[in-house]
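Comments concern the structure below.
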2 protein chains.
Amino acid sequence: MPAIQNIKVAVDAVVFGYTSKEGLSVLLIKRDVKPFRDEWALPGGLVGDDESLEDAIQRELKEETGIGINYLEQLYSFGQPGRDPRNRVISITYYGLVKPDAFELQANTDANDVAWYNIKKVPQLAFDHQQIIVVARERLKNKILYQPVGFELLEEKFPFSELEKLYMAVLDRPIDRRNFKKKVLKFGFLEETTEKQLLDGAGRPGNLFRFNEQKYFQLKKEGISFEI
Amino acid sequence: MPAIQNIKVAVDAVVFGYTSKEGLSVLLIKRDVKPFRDEWALPGGLVGDDESLEDAIQRELKEETGIGINYLEQLYSFGQPGRDPRNRVISITYYGLVKPDAFELQANTDANDVAWYNIKKVPQLAFDHQQIIVVARERLKNKILYQPVGFELLEEKFPFSELEKLYMAVLDRPIDRRNFKKKVLKFGFLEETTEKQLLDGAGRPGNLFRFNEQKYFQLKKEGISFEI
DNA sequence: CCAAAAGTGTTTAATATACACCCATGG
DNA sequence: CCATGGGTGTATATTAAACACTTTTGG
């Protein structure tokens with residue numbers, strides 16, 4: 001055990017967003033500081049001495065991207081020596097989910113650009129951030145099978161097909177429409193409204209659904225078994 | 001973001017062991033240093049500047065308990081300011097599984113005693129270690145439902161009832177013997193030997209089983225769906 | 001012969017899977 | 001009237017769940 005220790009502690013976040021147009025996307029910043037200046041990276045930064053980890057990541061997200069987050073959960077801690085070329089830095093990572101109406105971004109501290117990238121089109125990233133995204137995506141894929149997911153990613157009201165496309169994007173495979181609907185509705189965390197979808201093209205407009213928040217969060221606690 | 005940061009990084013481990021006599025148990029040390037001197041705590045300590053997190057926790061386990069570990073996985077990072085009364089310390093926690101034949105312990109550095117405690121009889125602990133054990137136990141409970149568990153906790157050969165009791169101890173509820181056996185054997189990661197259990201009392205001796213390591217680790221990667 | 005623990009199978013209920021045609025809208 | 005996307009049900013296969021008596025051993 002070392003007499004003195006010289007390790008820095010950072011937090012970084014993989015924030016997922018979803019729109020049917022863009023698919024499953026990740027929030028990235030373009031770094032305005034060394035190292036890896038002008039390269040894309042996950043939003044994040046060093047933790048303050050008297051700041052909780054959650055406060056730190058929320059602060060960094062606000063500073064660097066202007067985003068308000070709907071859901072945030074700890075992902076994993078990366079601490080391999082050498083992952084930061086300057087000093088030893090341990091990064092405690094989080095993953096978050098945001099609704100599309102929170103998509104307006106603004107670059108600030110430490111970042112000269114902010115953007116959403118489709119999960120399949122992520123550019124080369126600074127540090128080990130590529131690997132962190134892989135872990136986050138894997139976690140989300142698993143999460144979706146034992147907890148309801150969607151409330152944190154979709155607008156208040158949405159056509160059922162929107163939820164279906166979200167699940168296909170996360171799981172990265174096709175889903176049978178009829179079986180999916182049967183299964184999801186049986187859980188009872190969705191309410192059907194009488195409103196109809198506004199179309200931007202041809203097709204029969206579907207009814208809009210919304211989450212019953214009480215049931216949704218109850219099932220989130222209890223867990224579900226969701227074998228799609 | 002702070003100009004300079006003064007946070008320490010530690011690793012701590014919740015090591016689980018299982019014997020049919022003692023049930024599911026956790027490895028604890030009695031602290032030989034301040035703060036919380038002479039109180040029970042999880043094994044762990046500060047990370048060296050050039051040491052990976054995994055190396056650090058393995059080193060601490062060896063130093064403090066003399067134990068060799070079969071399986072170790074990152075659990076969660078605890079970083080609430082004030083969780084250590086002296087300085088800000090962030091603890092990256094791991095949970096581990098060990099076989100009974102590695103149960104011989106020896107206290108060393110920073111510890112003046114080491115002991116196994118049944119999961120239901122854990123004494124009061126230093127820091128937030130009680131909470132860490134709760135999280136670890138919850139994780140193990142979940143893990144057992146989507147990955148085979150047991151190879152890391154049981155001896156090379158064991159009667160089937162041993163696995164069944166292990167699952168009951170982890171899940172903390174009764175299991176139907178016939179359905180459990182049917183289900184487990186169908187996965188195919190167990191091999192039945194012709195050897196019979198040595199008894200320490202009355203009862204019909206059962207055949208001994210052993211894990212087929214190849215299948216076991218394959219299923220560990222693929223994941224299983226284990227609704228007991 | 002009694003107590004303790006292991007071995008074993010069937011029936012029923014629930015769930016998962018596979019699968020195709022019609023409907024409402026915009027252009 | 002064509003293209004697009006939404007809506008809906010049934011039959012079959014698989015899996016889960018409930019459940020009790022017999023066998024082998026030690027004392």
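Quick caveat, the model's predicted, so the values are computed rather than measured. We name chains A, B, ... by the order of the sequence lines, and we start the count at 1 in each one.
- Rounded to whole Å, atom P of dG5(D) lies 18 Å from atom CG of Asn207(A).
- When each of Glu191(A), Gln197(A), Glu195(A) is tested with Lys157(A) by the rule side chain to side chain donor-acceptor pair (under 3.5 Å), just one qualifies, namely Glu195(A).
- Between Phe189(B) and Phe211(B), the ring planes are parallel. Angles under 30° get that label, and only those over 60° would be called perpendicular.
- Comparing Phe226(A) and Gln197(B) against DNA chain C, the residue whose closest nucleotide sits nearer the 5' end is Gln197(B).
- Scanning for salt bridge (Lys or Arg N to Asp or Glu O under 4.0 Å) contacts around Lys99(B) gives an empty result, with sequence neighbours left out.
- Between the side chain of Arg173(A) and the main chain of Met168(A), no donor-acceptor pair closer than 3.5 Å is present.
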**Prompt:** When you check every protein heavy atom under 4.0 Å of nucleotides 19-27 of chain C, what one-letter string (B, S, -) results, 5' to 3'?
**Reply:** BB--BBBS-
Atom pairs and distances, side-chain donor-acceptor, residues 220-228 of chain B, under 3.5 Å, sequence neighbours left out:
from: Lys220(B); atom 1: NZ; to: Pro148(B); atom 2: O; distance (Å): 3.4
from: Lys220(B); atom 1: NZ; to: Glu152(B); atom 2: OE1; distance (Å): 3.4
from: Lys220(B); atom 1: NZ; to: Glu152(B); atom 2: OE2; distance (Å): 2.6
from: Lys220(B); atom 1: NZ; to: Tyr216(B); atom 2: OH; distance (Å): 3.4
from: Glu222(B); atom 1: OE2; to: Gln218(B); atom 2: NE2; distance (Å): 2.9

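- Between the CG atom of Leu185(A) and the C1' atom of dG9(D) there is a distance of 14 Å, given to the nearest Å.
- Whole-Å rounding puts the Phe158(A) CZ to dG5(D) P distance at 19 Å.
- Residues Ile132(A) and Leu75(A) are in side-chain contact: their nearest non-hydrogen atoms beyond the backbone lie under 4.5 Å apart.
- Computed from coordinates, the Ile175(B) CD1 to dA17(D) P distance equals 12 Å when rounded to whole Å.
- Atom-to-atom, NZ of Lys181(B) to P of dG9(C) comes out at 10 Å; the value is rounded to the nearest Å.
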